[in-house]
Visitor: 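The structure follows.
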Amino acid sequence: MKIRLLCRKETVEKVKTAIQKGDVQFDDHASMVLYEVNHEYDYLLVKDGEEHMRLAVDEILYIESISQEILVHAKSGCYRSKNTMYQLEAGLYEKGFLRVHKAYIVNKKAIRRIRTNLYMKFTLVLDNQEEIEVSRSYYYRFKEEMGF
């Protein structure tokens with residue numbers, strides 16, 4: 001079995017060592033997620049008021065975590081999801097989504113402008129004119145993913 005590690009460079013060796021030693025535990029609240037490359041989401045099950053609905057992934061602009069709630073911001077409105085940010089990050093990565101902050105996952109296709117800020121940060125302006133800040137923790141990964 002082959003595994004590709006998609007994480008920060010400073011984390012790669014730590015993860016490799018843990019896997020080789022067999023020091024890996026499975027937990028739904030873990031900081032790392034292993035997923036199949038071909039396991040892609042076409043739709044997300046979201047909640048609109050009291051009703052559940054399937055939302056096309058292409059419609060999603062960004063996903064936001066506020067306290068214990070996951071809000072999916074789409075062209076058609078804002079919905080709630082029961083998935084965790086880690087599950088969404090892993091499942092949507094192959095669809096062009098990128099984690100840019102502890103609280104945000106952004107659809108790269110929805111980014112219209114990228115403003116540079118001081119102190120290793122970017123501000124993203126999305127299709128709907130909302131602004132999302134790329135945190136310092138995700139700065140280098142964002143630059144690499146966007147080709148800077």
Visitor: Could you pull out the closest heavy-atom pair between V100 and Y138, with the gap in Å?
Guide: O-CB, 3.5 Å
Visitor: Indicate if Y43 and I63 have the same hydrophobic cluster label, given that clusters are the connected sets of ILVMFWY residues with side-chain heavy-atom separations under 4.5 angstrom.
Guide: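 No, because Y43 and I63 fall into different hydrophobic clusters, even though each may have its own neighbours under 4.5 Å.
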Visitor: May I ask whether V106 and V125 are part of the same hydrophobic cluster, defined by side-chain heavy atoms of I, L, V, M, F, W, Y residues being less than 4.5 angstrom apart, directly or through others?
Guide: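 Per the 4.5 Å side-chain linkage, V106 and V125 are not co-clustered.
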Visitor: Taking atom types as modelled, is there a side-chain donor on Y93 or E145 under 3.5 Å from an acceptor on the other?
Guide: yes
Visitor: Apply side-chain contact (heavy atoms from CB on, under 4.5 Å) to N107 and L61, showing your working.
Guide: CA-CA 5 Å; N107 184 345; L61 300 171; 5.7 Å; no
Visitor: Is there a donor-acceptor contact under 3.5 Å linking the side chains of Y62 and E130?
Guide: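 E130 and Y62 do have a side-chain donor-acceptor pair below 3.5 Å.
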Visitor: Go through the steps for I70 and M85 under the test side-chain contact (heavy atoms from CB on, under 4.5 Å), then give the verdict.
Guide: CA-CA 7 Å; I70 305 297; M85 289 294 274; 3.6 Å; yes
Visitor: As an exercise, state the distance from CD1 of I66 to CZ of R80, rounded to the nearest 0.5 Å.
Guide: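 Answer rounded to 0.5 Å: 8.5 Å.
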Visitor: What pair of heavy atoms forms the shortest contact from L92 to V57, and how long is it?
Guide: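 So the two residues come closest at CD2-CG1, 3.7 Å.
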Visitor: For R115, give me all partners under salt bridge (charged side-chain N to carboxylate O under 4.0 Å, His left out), at least two apart in sequence or on another chain.
Guide: E131
Visitor: Could you tell me the separation between the CD atom of E50 and the NE2 atom of H52, rounded to the nearest 0.5 Å?
Guide: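 So the CD of E50 and the NE2 of H52 are separated by 8.5 Å.
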Visitor: For the pair F142 and F148, name the ring-plane relationship: parallel under 30°, tilted 30 to 60°, perpendicular over 60°.
Guide: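 It falls in the perpendicular class, over 60°.
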Visitor: Counting only N and O atoms by type, is there a donor-acceptor contact under 3.5 Å from the side chain of S67 to the main-chain atoms of E69?
Guide: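 No, the answer is negative, given that no donor and acceptor are paired below the 3.5 Å cut-off.
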Visitor: How many angstroms lie between CG in N83 and CG in L88, if you round to the nearest 0.5 Å?
Guide: 4.5 Å
Visitor: Count the heavy atoms belonging to other residues, nucleotides or ligands that lie under 6.0 Å from NZ of K14, then report whether that count exceeds 12.
Guide: no
Visitor: Using the rule given for side-chain contact (heavy atoms from CB on, under 4.5 Å), can you reason through S76 versus L55, listing the C-alpha separation, both sets of side-chain angles and the distance that settles it, and then say yes or no?
Guide: CA-CA 9 Å; S76 58; L55 178 65; 4.3 Å; yes
Visitor: Between I111 and L124, is any pair of side-chain heavy atoms under 4.5 Å apart?
Guide: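 Yes; the side chains approach each other to less than 4.5 Å.
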Visitor: Taking the side chain as every heavy atom from C-beta outward, state whether M53 and Y79 have any pair of such atoms under 4.5 Å apart.
Guide: yes
Visitor: How long is the gap from CG on D58 to NZ on K75, to the nearest 0.5 Å?
Guide: 7.5 Å
Visitor: Within the supplied structure, the quantity of interest is the number of heavy atoms (other residues, nucleotides, ligands) at a distance under 6.0 Å from K16 NZ; does it exceed 12?
Guide: no
Visitor: How many angstroms lie between CD1 in I114 and NZ in K143, if you round to the nearest 0.5 Å?
Guide: 11.5 Å
Visitor: Are any of the side-chain heavy atoms of I105 and I60 separated by less than 4.5 Å?
Guide: no
Visitor: So if you build clusters from Ile, Leu, Val, Met, Phe, Trp, Tyr with side-chain heavy-atom gaps below 4.5 Å, do L126 and M146 land together?
Guide: yes
Visitor: Please round to the nearest 0.5 Å and tell me the distance separating atom CG of D127 and atom CZ of R113.
Guide: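 Taking CG in D127 and CZ in R113, the distance rounds to 11.5 Å.
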Visitor: Decide yes or no on side-chain contact (heavy atoms from CB on, under 4.5 Å) for R141 and L98, but give the supporting numbers first.
Guide: CA-CA 9 Å; R141 183 172 175 206; L98 185 60; 4.1 Å; yes
Visitor: Would you kindly confirm whether Y86 and L45 end up in one hydrophobic cluster when ILVMFWY residues are joined by side chain heavy atoms under 4.5 Å apart?
Guide: no
Visitor: Regarding H101 and E133, do their side chains bring together a donor and an acceptor under 3.5 Å, going by distance alone?
Guide: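 Judged by distance alone, the side chains do not pair up.
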Visitor: Going by salt bridge (Lys or Arg N to Asp or Glu O under 4.0 Å), E89 matches just one of K102, K95, R99. Which one?
Guide: R99
